[in-house]
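Read through the structure below, which is laid out as structure tokens, and then see the notes.
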Amino acid sequence: MSKKKKGVALHWKILIGMAVGVIFSLVLLSTSWGASMTSITVDGKEVDITRAGLFVRNWIKPFGNMFINALKLIAVPLILASLIKGVSDLKDISKLSKMGLRTILTYLGTTVIAVCIGLTIVNIIQPGKSIDEETRTNLVESSMGDAQKNIDNAAKQKENGPLQALEDLIPDNIFFAASDNGNMLQVIVFAIFFGIGLILIPESSSKPVKAFFDGFNEVILKLIDLIMLAAPYGVFALLASLVVESPSKDLFVALLWYAVSVVLGLLIMIIFYVTLVSLITKKSPRFFLNGISPAQLLAFSTSSSAATLPVTMERVEEHLGVSKEVTSFVLPIGATINMDGTSLYQAVAAIFIAQAFGMDLDFGTQLGIIATATLASIGSAAVPGAGMVMLVIVLAQAGIPEAGLALIFAIDRPLDMLRTTVNVTGDAAVSMIVGKSVGKVGEPNVLDWDDEYPKRKL
Ligand code: ASP
């Protein structure tokens with residue numbers, strides 16, 4: 001029998017970190033010191049805050065931010081190195097276009113299915129009908145200030161012409177594009193373009209360039225391992241700060257049916273992915289969920305598909321056995337354009353707001369929502385709260401009052417955490433499906449450090 005002792009799996013460590021974070025803040029808030037109020041200045045305005053909140057804000061939250069920053073820090077170099085390597089490994093441009101087409105079509109298909117699931121649930125549960133006039137006015141008044149910022153941001157996006165998104169795909173300066181995480185799609189376009197160039201030049205010239213990116217890629221993967229050492233502590237800090245910042249219980253109760261509709265839809269989406277993956281790849285649901293769970297937990301804790309991307313890539317490749325040529329292409333694109341959780345949420349939220357304002361949306365308008373929510377989710381950045389900014393566009397297209405955003409503002413963060421988890425799961429599922437279709441799903445290759453870190457000196 002092997003003497004090797006198996007340590008606690010990474011997803012358990014992350015779960016423990018999350019639970020301890022929640023318990024820590026709840027205990028702190030329950031002490032008389034923690035619950036007592038004080039005030040701080042934010043953006044020139046005095047705001048009341050509990051002492052527990054202030055403590056966590058000053059002494060715990062910065063560690064959570066450091067963890068997220070570290071993940072974001074490697075996103076651009078990771079995309080560059082792995083995509084250039086992945087594309088040039090294909091050795092053939094027709095393989096690239098075949099995979100590209102399948103990827104985009106599968107992403108579009110899952111997104112439209114997500115919106116339809118959202119629309120069906122919200123029409124059955126009708127959560128907006130349970131909001132009376134008084135609750136609606138209170139909710140809108142209490143969050144209008146914050147919601148207005150999102151409405152203003154969306155207004156800027158609406159000023160753009162119809163082809164702006166396409167125009168934005170081509171960067172005019174790669175260093176400029178790579179210096180802003182919001183320009184991830186431009187970095188992807190450059191990396192694919194560069195990879196195509198590498199395929200087309202003679203091997204004698206491409207060899208040293210490829211060797212450089214191979215090595216570079218390996219360094220980045222090792223950096224992910226190092227950052228993941230801090231994951232349980234990072235998620236502790238993130239969850240502890242979320243608990244002290246969360247809105248009052250009353251708001252949750254008022255919006256309970258809306259939240260139930262979103263959560264139910266997201267759950268159905270996860271079941272849909274798991275079933276699809278096991279039908280197509282013949283791998284068990286447990287295999288898929290176990291492999292991807294650390295990325296799901298990080299998506300939940302960070303609310304950002306972009307910040308989670310490095311871990312998603314590592315897990316899909318090493319734990320689900322999808323080859324690098326596929327993951328390096330499918331996952332970065334997925335993190336930026338495939339947001340099934342977001343599109344489902346946008347559909348539910350739009351109809352919920354319409355119901356709460358007493359509007360009855362006809363079938364045609366709901367069909368329109370399928371199109372706008374699909375496009376809005378593609379356009380949403382992979383960062384916290386981005387789905388809500390783009391929701392304004394869905395509302396405007398359907399003639400639903402934008403002020404309704406204030407209705408759902410208070411509980412957006414927890415729902416954002418859940419929809420980001422679904423977004424990341426969807427990307428992983430599609431890479432398995434596309435991988436299978438091009439014969440690139442093999443056995444997992446779990447490397448040292450992946451789930452357990454050898455006790456060696458760093
Ligand atoms: N936070 C989501 C993501 O990063 C986007 C959103 O729905 O707000 O995937």
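Counting convention: from 1, in listed order, for ligands and their atoms alike. Along the sequence shown, residues are numbered consecutively beginning with 1.
The closest donor-acceptor contact from the side chain of Gln397 to the backbone of Gly368 lies at 3.5 Å or more, if one exists at all. Remark: the backbone N or O of Phe213 is not paired with any side-chain donor or acceptor of Asn217 at under 3.5 angstrom. Judged by distance alone, with hydrogens and angles left aside, the side-chain atoms of Ser278 form a donor-acceptor pair with the main-chain N or O of Val274 at under 3.5 Å.
Taking Ala114 as the reference, Met269, Asp340, Ser343, Leu344 meet the side chain to side chain contact (heavy atoms under 4.5 Å, CB included) condition, with sequence neighbours excluded. Residues forming a side chain to side chain contact (heavy atoms under 4.5 Å, CB included) with Pro171 (at least two apart in sequence, or on another chain): Ala177, Gln186. Listed by chain and number, the residues in a side chain to side chain donor-acceptor pair (under 3.5 Å) with Lys440 are Glu325 (sequence neighbours excluded).
Sorted by chain and number, the heavy-atom contacts of ligand 1 below 4.0 Å come from Ser303, Ser304, Ser305, Met339, Thr342, Ala381, Ala382, Val383, Pro384, Gly385, Ala386, Gly387, Asp416, Arg419, Thr420, Asn423.
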